[in-house]
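This report concerns only the one structure given below.
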Amino acid sequence: MSKVRTRYAPSPTGRMHVGNLRTALYEYLIAKHEDGDFILRIEDTDQERYVDGAIDIIYRTLEGTGLIHDEGPDKDGGYGPYVQSERMASGIYLDYAKKLVDKGAAYYCFCTKERLDSLKKAFGDSDDSKEDYKEIIKYDKHCLHLSKEEIEDKLAQNIPYVIRQNNPLEGSTTFHDAIFGSITVDNEELDDMILIKSDGYPTYNFANVVDDHMMKITHVVRGNEYLSSTPKYTRLYQDFGWEEPVYVHLPLITNEEHKKLSKRSGHASYEDLIEQGFISEAIVNFVALLGWSSPNNTEIMSLEELIRDFDYRNINKSPAVFDIVKLRWMNSEYIKMMDGDKFFNMALPYIKEVISKDLDYRRISDLIKTRIETLCDIGEMIDFFEELPEYNVEMFTHKKMKTNTESSLKVLRDLLPRFEALEDYSEASIESLIKSYVSEKEIKNGQGLWPVRTAISGKQSTPGGAYEIMSILGKEESLCRIRLAIDMLEKAINE
RNA sequence: GGCUCGUUGGUCAAGGGGUCAAGACGCCGCCCUCUCACGGCGGAAUCAGGGGUUCGAGUCCCCUACGAGCUGCCA
């Protein structure tokens, strides 16, 4: 059996959206599961849509996600070039197209845009929303019947031309997909698609077939949206007399409205997600589970585990909704599993964004590790360290803690001199001080701790409790905040 | 409009004719607890509809409905 070779063939048109990322991932996994090669090929045959810097985004994304390619523009494996515009320079696409012309499987077409437009037929109600109003065009093979002389003549006159596939009008074409099974389409439905554009570039569809064959790609993995055009690919393979690869068409990924993900939905691309505070491993893991599930029913899986367990035959047929809520959960799982040092390094920039004081960032980092879903949650969780927020005295009243303004005032008044006298502001020291006060007064932990935590944070909820926060804030700031609380409570009670 | 594909809880999903249809996210409740999280325990919630085939159907066939994709000198 020949070595498995898959390819990721993006067109450099912008950021890599999660659908493309999943395609790349599955291609990588299929290859690596069989110890095969994963190839990167840039499909830049559309100069109109080419975006500067997009190739760098592709490199960055593959590197960031760990989908390391074995061959590509930057890694020659003997099947180059790996950029279609460079391949075109050698004239291979035109040569192959001409071979098809010689066989009668393709033909020159000189039709003008105007003539093509006249073939279009409107249907649907034009009063309806634009989406219902479509045009249908199937080329009428007008130029198929040009004589050899006529063609030579037009070519000599430099009349612009394209080369079209010559599909039969009768019979049917069948291909097999690893996920969707056998699909048969009447040849009558097959349009004579363009192989070579008038600018000399091949269309994606044609370049794909030629390149996949020349690069010995064994498994063609791509989005479901290509299912409809695959019969035309099959005809091309047959006309060339080439062996077809294994087709693996992937179900669509949709947004919550069950529509194709769009750039506007915000969470569409890998880089968007990174900016939203998601971590790479979680994104990869989550995306892997959109359309596939592990046979041993595990969900949190490293790339290595995915390689080991992935089997493309288990891929789902139905479209999957991209559920960012579940991604958030998975992201939080990855953060919790992460080594403390590693998390600290990732969290530090987010911490420094809201805290400029000289505090123990590492301890803050440890406090938030189990409490955040994305790195972007950090800011609002810890901003009170930097500055005490304005808060209402009513916050001291808590039913479950059995506290109110009076009881809180008493606790804080009792504790203030002890805190003032305390030298060691370590967590343990503060803890034993408060604990002994609580047992001395025979009150509940909550009755003693709620007022303190409220006073030093000004928040209903905080990462960590009173001991942790006080020890991080330090003596001076803690005392200052407690005195402020006492003032507020006194004022409120006297009114 | 035509062609193609799809349809198991709100979401991801297991399930290839025969236990009360797994599991996860989310949601709700309880426990733990100085708050919020973490963790633990429990709960509600699903086979789109209709016909067949069969002793028996989420699983096979047909129809309907709904959804999606394609219908570009885009990929």
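In what follows, every chain begins at residue 1, and chains take the letters A, B, ... in the order their sequences are listed.
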Quantified in whole Å, what is the [atom1] atom distance between nucleotide [N] and nucleotide [M]?
N     : M     : atom1 : answer
B:U4  : B:C47 : P     : 29 Å
B:U71 : B:C12 : C1'   : 31 Å
B:G6  : B:C62 : P     : 12 Å
B:G49 : B:C27 : C1'   : 28 Å
B:G58 : B:U19 : P     : 11 Å
B:C28 : B:C34 : P     : 23 Å
B:C41 : B:U33 : C1'   : 16 Å
B:C3  : B:G50 : P     : 27 Å

For [X], which contact category applies under a 4.0 Å heavy-atom criterion: base, sugar-phosphate, or nothing?
X        : value
A:Thr230 : nothing
A:Glu189 : sugar-phosphate
A:Ile196 : nothing
A:Ile194 : base
A:Phe286 : nothing
A:Val321 : sugar-phosphate

Watson-Crick/G-U partner (both atom distances under 3.5 Å) of [N]:
N     : value
B:U11 : B:A24
B:C70 : B:G2
B:C47 : none
B:G39 : B:C31
B:A75 : none
B:U59 : none

For [X] and [N], what is the distance between atoms [atom1] and [atom2] respectively, to the nearest whole Å?
X        : N     : atom1 : atom2 : value
A:Phe322 : B:A68 : CZ    : C1'   : 19 Å
A:Leu327 : B:U11 : CG    : P     : 17 Å
A:Met330 : B:A13 : CE    : C1'   : 12 Å
A:Asn296 : B:A13 : CG    : P     : 17 Å
A:Lys317 : B:C5  : NZ    : P     : 11 Å
A:Gln165 : B:C73 : CD    : P     : 14 Å
A:Tyr233 : B:U4  : OH    : P     : 19 Å
A:Leu250 : B:G69 : CG    : C1'   : 14 Å

What I'd like to find out is whether the side chain of [X] reaches to under 4.5 Å of the side chain of [Y], using heavy atoms alone.
X        : Y        : value
A:Tyr226 : A:Tyr247 : no
A:Met215 : A:Arg41  : yes
A:Tyr8   : A:Ile39  : no
A:Lys441 : A:Val438 : no

Subject >> Pairwise 5' ranking along RNA chain B for A:Asn208 and A:Ser318, keeping only the more 5' one >> reply: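 Closest to the 5' end, via its nearest nucleotide, is A:Ser318.
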Of the nucleotides [options], which has the atom closest to the [X] side chain?
X        : options             : answer
A:Ser228 : B:C70, B:A14, B:A75 : B:C70
A:Phe180 : B:C5, B:A75, B:G26  : B:C5
A:Ser229 : B:G23, B:G6, B:A75  : B:A75
A:Val185 : B:U4, B:A75, B:U8   : B:U4
A:Asn316 : B:A75, B:A14, B:C12 : B:A14
A:Asn297 : B:A75, B:G26, B:G23 : B:G23
A:Trp329 : B:A13, B:C25, B:U11 : B:C25

Between the side chain of [X] and the main-chain N/O of [Y], is any donor-acceptor distance below 3.5 Å?
X        : Y        : answer
A:Ser471 : A:Ser426 : no
A:Glu442 : A:Ser439 : no
A:Asn331 : A:Leu327 : no
A:Asp177 : A:His249 : yes
A:Thr298 : A:Ser294 : no
A:Asp311 : A:Arg313 : yes

Original post:
Is there a donor-acceptor contact under 3.5 Å linking the side chains of A:Arg7 and A:Asn208?
Top reply: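 There is such a pair between these side chains.
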Under 4.0 Å between a side-chain N or O of [X] and OP1 or OP2 of [N]?
X        : N     : answer
A:Ser198 : B:C73 : no
A:Lys197 : B:C74 : yes
A:Asn224 : B:U4  : no

Original post:
Syn versus anti for B:G16, judged by chi lying within 90° of 0?
Top reply: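 Syn, since the glycosidic angle lies within 90° of 0.
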Original post:
Is the base of B:C38 syn or anti, where syn means the angle lies within 90° of 0?
Top reply: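 With its glycosidic angle within 90° of zero, B:C38 counts as syn.
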Original post:
Going 5' to 3' along nucleotides 33-39 of chain B, which nucleotides have protein heavy atoms under 4.0 Å from the base (write B), which only from the sugar-phosphate (write S), and which from neither (write -)?
Top reply: BBBBBSS
